[in-house]
Colleague: 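Got a structure for you, questions after.
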Protein chains: 2
Amino acid sequence: MKRDSRLSGVLHVLLHMAQQPGTFTSETLAKAMDTNPVVIRRIMAGLRDLGYVRSEKGHGGGWTLACDLTKVTLRDVYTALGSPSLLAMGNRTEAPGCLVEQAVNAALDQAFGDAQALLLSRFGEVTLAMLGDDLRKRLGSRKLQGMSAHGA
Amino acid sequence: MKRDSRLSGVLHVLLHMAQQPGTFTSETLAKAMDTNPVVIRRIMAGLRDLGYVRSEKGHGGGWTLACDLTKVTLRDVYTALGSPSLLAMGNRTEAPGCLVEQAVNAALDQAFGDAQALLLSRFGEVTLAMLGDDLRKRLGSRKLQGMSAHGA
DNA sequence: CCATCATGTAACATATAAAGTTGCATGAAA
DNA sequence: TTTCATGCAACTTTATATGTTACATGATGG
């Protein structure tokens with residue numbers, strides 16, 4: 001399966017925006033992420049609907065942060081993306097008539113459920129502000145070497 | 001992403017075989033699983049290479065179990081499949097130059113790593129024999145209703 | 001009012017990986 | 001030597017994330 005990197009992508013966008021106040025166009029963000037503006041709008045749509053960011057059209061328009069970064073967790077962002085499936089593996093058949101399959105599903109579902117719960121729990125423990133703090137640390141040590149955030 | 005059901009599938013096959021001694025052709029197993037014989041051979045190849053099952057050609061040939069079901073865990077089976085990726089999500093870019101991306105990756109990798117470790121650990125706790133026991137329980141209660149393993 | 005800018009969205013194209021299918025080679029048994 | 005079964009390569013199909021194009025919508029500045 002192709003790995004889903006939307007969560008990674010949207011966090012990257014949010015963290016970039018958190019680095020300085022103001023509005024950012026999809027094109028600006030897309031360039032920083034080396035992707036297409038439409039992709040930015042796509043992954044941001046859910047966040048807008050939930051009020052974490054705002055978007056405005058026309059001159060001077062673009063995206064702005066509209067939430068308390070200390071309150072929004074990775075889990076909130078994940079939910080805003082529509083809670084895409086976390087696991088690459090699944091049951092061959094859901095609700096099978098075959099008892100053998102039922103036994104297999106029961107065993108796997110147990111493990112899958114635990115892993116999903118753990119992931120969501122971890123996501124819930126990390127706020128965007130924490131990511132920003134970590135980033136500032138990285139920026140600090142990098143600045144000592146005279147390099148920028150995107151530096152080679 | 002399309003969900004990988006090979007682990008589910010191969011466990012189904014093994015559990016079917018464990019229900020009665022003897023050899024099973026790929027075609028027989030494929031019919032029970034409602035799939036193609038080549039798919040069976042494909043998902044069984046790794047298990048054969050590791051000695052968990054044997055395959056023989058020609059008249060009377062087919063697949064036979066060749067392991068102690070109390071010793072082989074779901075993790076062993078997973079490994080035999082080639083340890084396919086467990087998570088549906090991943091980082092947008094591995095080893096990025098962008099510090100923002102590095103911060104995002106660090107946070108996600110933590111959660112992803114924990115979830116993977118938990119899954120592997122759970123897999124390691126469940127043997128094929130345990131699956132068989134669970135299946136027998138299910139068969140028992142179903143028999144009281146006059147139904148077979150595949151019965152609708 | 002209108003030209004410009006930016007988002008919103010649909011539609012289409014591409015990439016990747018699992019699952020299914022076909023064809024044939026290999027080898028064992030009757 | 002015919003039949004049966006696996007081994008395997010190559011191809012098709014399907015699903016999904018990602019990328020791209022085109023155009024509608026609406027806001028701003030002239």
Side-chain angles (χ1 to χ4, degrees), chain A residues 1-10 12-13 17 22-31 33-49 53-66 78 81-94, chain B residues 1-10 12-13 17 22-49 52-66 78 81-94:
Chain A
M1 132 241 327
K2 191 181 217 169
R3 234 128 140 211
D4 184 342
S5 66
R6 281 174 293 183
L7 180 59
S8 173
V10 77
H12 190 162
V13 169
M17 292 175 69
T23 88
F24 304 78
T25 66
S26 300
E27 193 176 338
T28 299
L29 294 171
K31 253 168 201 151
M33 311 250 317
D34 194 42
T35 182
N36 192 293
V38 178
V39 173
I40 301 294
R41 294 187 192 119
R42 202 138 68 196
I43 62 179
M44 296 285 279
L47 291 167
R48 180 193 56 224
D49 295 344
V53 296
R54 252 196 311 271
S55 67
E56 278 168 313
K57 297 178 175 179
H59 272 284
W63 300 91
T64 52
L65 285 175
Y78 165 76
L81 287 176
S83 306
S85 75
L86 295 165
L87 301 181
M89 312 189 59
N91 294 326
R92 219 173 55 84
T93 308
E94 265 356 288
Chain B
M1 132 235 330
K2 193 180 213 169
R3 234 126 143 218
D4 184 342
S5 66
R6 282 175 293 182
L7 179 59
S8 173
V10 77
H12 191 161
V13 168
M17 293 175 68
T23 87
F24 304 77
T25 66
S26 300
E27 193 175 338
T28 300
L29 295 170
K31 252 167 201 152
M33 310 250 316
D34 193 41
T35 183
N36 193 293
V38 179
V39 173
I40 301 293
R41 295 188 190 117
R42 200 137 69 193
I43 62 179
M44 297 286 278
L47 290 167
R48 180 193 56 224
D49 295 344
Y52 298 139
V53 297
R54 252 195 311 272
S55 67
E56 277 168 313
K57 297 179 176 181
H59 273 283
W63 300 90
T64 52
L65 284 175
Y78 166 75
L81 287 177
S83 305
S85 75
L86 295 166
L87 301 181
M89 312 188 59
N91 294 326
R92 221 173 54 85
T93 308
E94 267 352 291

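In this text the structure is predicted, and so the values were computed from the model without any measurement. These numbers come from the heavy atoms of this one structure, side chains and all, not from hydrogens, waters or symmetry mates. A note on names: the letters A, B, ... follow the listed sequences, proteins ahead of strands, and every chain is numbered from 1.
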Colleague: Give every residue pair that meets the salt bridge (Lys or Arg N to Asp or Glu O under 4.0 Å) criterion with at least one member in residues 34-45 of chain A, sequence neighbours excluded.
Modeller: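 Passing the test, one end in residues 34-45 of chain A: no pairs.
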
Colleague: Would you mind building the protein contact string for nucleotides 3-10 of chain D? One character per nucleotide, 5' to 3', B for base within reach (heavy atoms under 4.0 Å), S for sugar-phosphate only, - for untouched.
Modeller: BBBBBBBB

Colleague: Reckon A:Ser5 has a side-chain N or O less than 4.0 Å from the OP1 or OP2 of D:dT18?
Modeller: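 Checking D:dT18 against A:Ser5, a side-chain N or O does come within under 4.0 Å of OP1 or OP2.
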
Colleague: Could you state the CD1-C1' distance from A:Ile40 to C:dA6, rounded to the nearest angstrom?
Modeller: 14 Å

Colleague: Taking OP1 and OP2 of D:dA17, is either one under 4.0 Å from a side-chain nitrogen or oxygen of A:Arg3?
Modeller: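 No, outside the criterion.
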
Colleague: Calculate the interatomic distance between A:Asn36 atom CG and C:dC12 atom P; express it in whole Å.
Modeller: 18 Å

Colleague: Could you please spell out the steps behind the side-chain contact (heavy atoms from CB on, under 4.5 Å) verdict for B:Thr64 and B:Val53?
Modeller: CA-CA 6 Å; B:Thr64 52; B:Val53 297; over 6 Å; no

Colleague: List the steps and the verdict of side-chain contact (heavy atoms from CB on, under 4.5 Å) for A:Tyr78 and A:Leu86.
Modeller: CA-CA 10 Å; A:Tyr78 165 76; A:Leu86 295 165; 3.5 Å; yes

Colleague: Answer with yes or no whether the side chains of B:Ser8 and B:Ser5 bring together a donor and an acceptor at under 3.5 Å.
Modeller: no

Colleague: Can you tell me the distance, in whole Å, between the NZ atom of A:Lys31 and the P atom of C:dA6?
Modeller: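 Between P of C:dA6 and NZ of A:Lys31: 11 Å.
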
Colleague: Between A:Ile43 (CD1) and C:dG8 (P), how many Å, whole number?
Modeller: 13 Å

Colleague: Atom CZ of B:Arg6 to atom C1' of C:dG20: distance rounded to whole Å?
Modeller: 13 Å

Colleague: Search all heavy atoms of A:Met44 against all heavy atoms of A:Val10 and return the closest pair with its distance.
Modeller: SD-CG2, 4.0 Å

Colleague: Side chain of A:Lys2: nearest nucleotide among D:dA17, C:dG20, D:dG19?
Modeller: D:dA17

Colleague: Please report the shortest heavy-atom distance between B:Ser55 and B:Arg48, naming the atom on each side.
Modeller: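 Closest approach of B:Ser55 to B:Arg48, heavy atoms only: OG-CD, 3.2 Å.
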
Colleague: Rounded to the nearest Å, what distance is computed from the CG atom of residue A:Asp4 to the C1' atom of nucleotide C:dA18?
Modeller: 17 Å

Colleague: With sequence neighbours left out, write down each residue that passes side chain to side chain donor-acceptor pair (under 3.5 Å) with B:Lys57, or none if nothing qualifies.
Modeller: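 Partners of B:Lys57 under the side chain to side chain donor-acceptor pair (under 3.5 Å) test: none.
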
Colleague: What's the CZ-C1' distance between A:Arg92 and C:dG20, to the nearest Å?
Modeller: 13 Å

Colleague: How many whole angstroms separate atom CG of B:Asp34 from atom P of C:dG20?
Modeller: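 Spelled out: CG on B:Asp34 to P on C:dG20 is 8 Å.
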
